[in-house]
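Presented below is the structure to which this report refers.
In what follows, residues are counted from 1 in the order of the sequence shown.
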Amino acid sequence: MSLTSERLLDLSYWKGLNPHLHVSETPAFTAPLDLQERLDQISDTLHHDGYLHQAPVFAPEQIKALRTGIETLVANGWPAAFIYVYDETWDLFHQLDGFLSHFLGDDFGLLPHFWAWHIDTDQKGGTSGWPPHVDYPGECAFFDDFLVSLSLWIPLSDATPENGCMNILPLSRQKDYAEKITDPSQIHLQDVRCLPAKAGSVLGWRQDLWHWSGRSSKYAAEPRISLSLEFQNRAFEPLCPPLYDLTEPPRPLERLRLICGQFGKYDHMERVSPELEAIGKEIGVTQT
């Protein structure tokens, strides 16, 4: 069967593909996590190095359900990003509401930028995530404390050096460079910090921080599967409108259109099939 926009927007198809997950107009969300005891340590790390790296905080069954969802999508030829059609993906980030409010203000907004990865185990030299980049090149924090925007990244499988975990240039090292880094070739390799993380951990960084994924190898025990979303303090002009409310995420059909809009936005990082790319241009919600 050829791929059409009608088939892609058929909610019953996505419900049937992952019947253990939900696709609803008004999701039932889990209560936000209480991370109060971790905030001082997280604040210090964000101030000094520009990133956070927290041990698992989510219920293992929630992580397993989403991992299974992505594995099913990939097995059926779909990009992992289609996991965002399901309520449970948005619920996972909603559980971080109190944490996000602490750093971005009570009325923080959800940027229309998201992705999901399934970095397979070694195939002809190993697959990898995205190369060195920053999520936003402009001002992302004032006095290293007052954040404008923040990216969060959640591994659904253990992220290890062998399967392509995250690497980051800490803010404390980035500040030592005489000139602003405009190309990854300017980064001294000994300054890089490798961030292995267990499934269900929470990683995040200021959006002006250089980061990237490693390459998988034949020694990888499992694929690296992960999610990301980006958030902004509403006290500032939207970096990319519209901003969404995490407690009321996009409705299912809009989620699908937003997913398709990501394909063109991130085609310099990861390409989908030409057929899906064409449909994405037809029905995708795009932002500048």
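In this structure, His211 contributes its side chain and Leu209 its backbone to a donor-acceptor pair below 3.5 Å. Of the possible donor and acceptor atoms, one in the side chain of Gln262 sits under 3.5 Å from a partner among the backbone N and O of Leu258. Looking at Glu88, its side chain never comes within 3.5 Å of a backbone N or O of Leu66 through a donor-acceptor pair. Proximity of a side-chain donor or acceptor of Asp49 to a complementary backbone N or O of Pro170 within less than 3.5 Å is not detected. In this structure, the side chain of Asn76 engages the main chain of Thr72 through a donor-acceptor pair within 3.5 Å. Looking only at distances, a side-chain donor or acceptor of Ser216 sits under 3.5 Å from a matching main-chain atom of Asp120. The closest donor-acceptor contact from the side chain of Thr89 to the backbone of Val85 lies at 3.5 Å or more, if one exists at all. Judged by distance alone, the side chain of Ser157 and the main-chain N or O of Pro223 form a donor-acceptor pair under 3.5 Å. Side-chain N or O atoms of Glu270 include none that pairs as donor or acceptor with a backbone N or O of Tyr266 at under 3.5 Å. Side chain of His48 to backbone of Leu171: no donor-acceptor contact under 3.5 angstrom is found.
Applying the 6.0 Å contact sphere to CD of Glu179 captures no more than 12 heavy atoms from other residues, nucleotides or ligands. Heavy atoms from other residues, nucleotides or ligands lying under 6.0 Å from CD of Glu61 number more than 12. No more than 12 heavy atoms of other residues, nucleotides or ligands lie within 6.0 Å of CD in Gln36, so this atom counts as exposed by the packing criterion.
Across every non-hydrogen atom of Ser213 and Gly164, the tightest pair is CB-O, 3.9 Å. Nearest heavy-atom pair across Cys194 and Cys165 is SG-SG, 3.3 Å. Nearest heavy-atom pair across Arg255 and Ser24 is NH2-O, 3.2 Å. When every heavy atom of Pro155 is checked against every heavy atom of Ser201, the shortest pair comes out as CD-O, 3.3 Å. The shortest heavy-atom contact between Ser5 and Glu282 is OG-OE2, 3.4 Å.
With hydrophobic clusters built from ILVMFWY side chains whose heavy atoms lie under 4.5 angstrom apart, Leu152 shares a cluster with Trp130. Taken together through direct or relayed side-chain contacts under 4.5 Å among Ile, Leu, Val, Met, Phe, Trp and Tyr, Leu52 and Phe58 form part of one hydrophobic cluster. Connection of Trp210 to Trp115 is not established within any shared hydrophobic cluster, with ILVMFWY side chains joined at heavy-atom distances below 4.5 Å, either directly or through further cluster members. Criterion: ILVMFWY side-chain heavy atoms under 4.5 Å apart, direct or through other members. Under it, Ile168 and Ile181 are not part of a common hydrophobic cluster. Under a hydrophobic-cluster definition in which Ile, Leu, Val, Met, Phe, Trp and Tyr are linked whenever side-chain heavy atoms come within less than 4.5 Å, directly or via other members, Val192 and Leu195 are assigned to different clusters.
At a threshold of 4.5 Å between non-hydrogen side-chain atoms, the residues Trp205 and Asp135 count as touching. Looking at heavy atoms from C-beta onward, Trp153 lies out of side-chain contact with Tyr51 at the 4.5 angstrom threshold. Inter-residue side-chain proximity for Ile63 and Leu156 is flagged as met; some heavy-atom pair is nearer than 4.5 Å. Using a 4.5 Å cut-off on side-chain heavy atoms (C-beta onward), Pro131 and Pro184 make no contact. Taking 4.5 Å as the limit, every side-chain heavy atom of Glu230 sits out of range of all side-chain heavy atoms of Leu239. At least one side-chain heavy atom of Phe263 sits less than 4.5 Å from a side-chain heavy atom of Pro79. Looking only at side-chain heavy atoms (C-beta outward), Ile119 and Asn163 stay at 4.5 Å or farther from each other. Contact of the Ser228 side chain with the Ser151 side chain is not registered, since no non-hydrogen atoms from C-beta on lie closer than 4.5 Å.
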Worked verdict on Leu111 versus Tyr136 for side chain to side chain contact (heavy atoms under 4.5 Å, CB included):
CA-CA 12 Å; Leu111 284 158; Tyr136 181 70; over 6 Å; no
Tyr86 and Leu17: side chain to side chain contact (heavy atoms under 4.5 Å, CB included), yes or no, with the steps?
CA-CA 11 Å; Tyr86 300 104; Leu17 193 61; 4.1 Å; yes
May I have the step-by-step check of side chain to side chain contact (heavy atoms under 4.5 Å, CB included) for Leu21 and Trp14, ending in yes or no?
CA-CA 9 Å; Leu21 300 176; Trp14 301 104; over 6 Å; no
Tell me, with the steps shown, if Leu246 and Phe29 meet side chain to side chain contact (heavy atoms under 4.5 Å, CB included).
CA-CA 10 Å; Leu246 192 55; Phe29 281 156; over 6 Å; no
Derivation and outcome, side-chain hydrogen bond (donor to acceptor under 3.5 Å, both in side chains), residues Asp245 and Thr247:
CA-CA 5 Å; Asp245 185 342; Thr247 61; 2.8 Å; yes
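If you take CG on Leu276 and NZ on Lys281, they are separated by 11.5 Å, rounding to the nearest 0.5 Å. Here Arg206 contributes atom CZ and Leu147 contributes atom CG; the two are 7.0 Å apart, rounded to the nearest 0.5 Å. Interatomic distance, Gln54 CD to Ile42 CD1, rounded to the nearest 0.5 Å: 3.5 Å. Here the straight-line distance linking atom CG of Leu8 with atom CZ of Phe82 works out to 4.5 Å at 0.5 Å rounding. To the nearest 0.5 Å, the span separating OG on Ser226 from CZ on Arg67 amounts to 11.5 Å. Taking CG of Leu229 as the reference point, atom CG of Leu150 lies at 11.0 Å (rounded to 0.5 Å).
Inspection of the Ser185 and Asp183 side chains reveals an N or O donor paired with an N or O acceptor under 3.5 Å. Side-chain contact check for Glu162 and Ser217: no donor-acceptor pair (N or O, by modelled atom type) lies under 3.5 Å. Remark: the Tyr244 side chain and the Glu254 side chain contain an N/O donor-acceptor pair separated by less than 3.5 Å. Side chain to side chain, Gln232 and Gln207 fail the donor-acceptor criterion of an N or O pair below 3.5 Å.
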Which donor-acceptor pairs under 3.5 Å do side chains of residues 93-110 form with protein atoms, sequence neighbours excluded?
from: His94; atom 1: ND1; to: Thr30; atom 2: O; distance (Å): 3.2
from: Gln95; atom 1: NE2; to: Gln62; atom 2: OE1; distance (Å): 3.3
from: Ser101; atom 1: OG; to: Asp97; atom 2: O; distance (Å): 2.9

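Comment: Asp176 engages Arg173 in a salt bridge, judged by a side-chain N to carboxylate O separation of less than 4.0 angstrom.
Not counting sequence neighbours, the partners of Ala116 by the side chain to side chain contact (heavy atoms under 4.5 Å, CB included) test are Ile70, Ala80, Ile83, Tyr84, Leu227.
Sequence neighbours left out, the pairs with a member in residues 173-204 that pass ring pair (Phe, Tyr, Trp, His ring centres under 6.0 Å) are Tyr177-His188.
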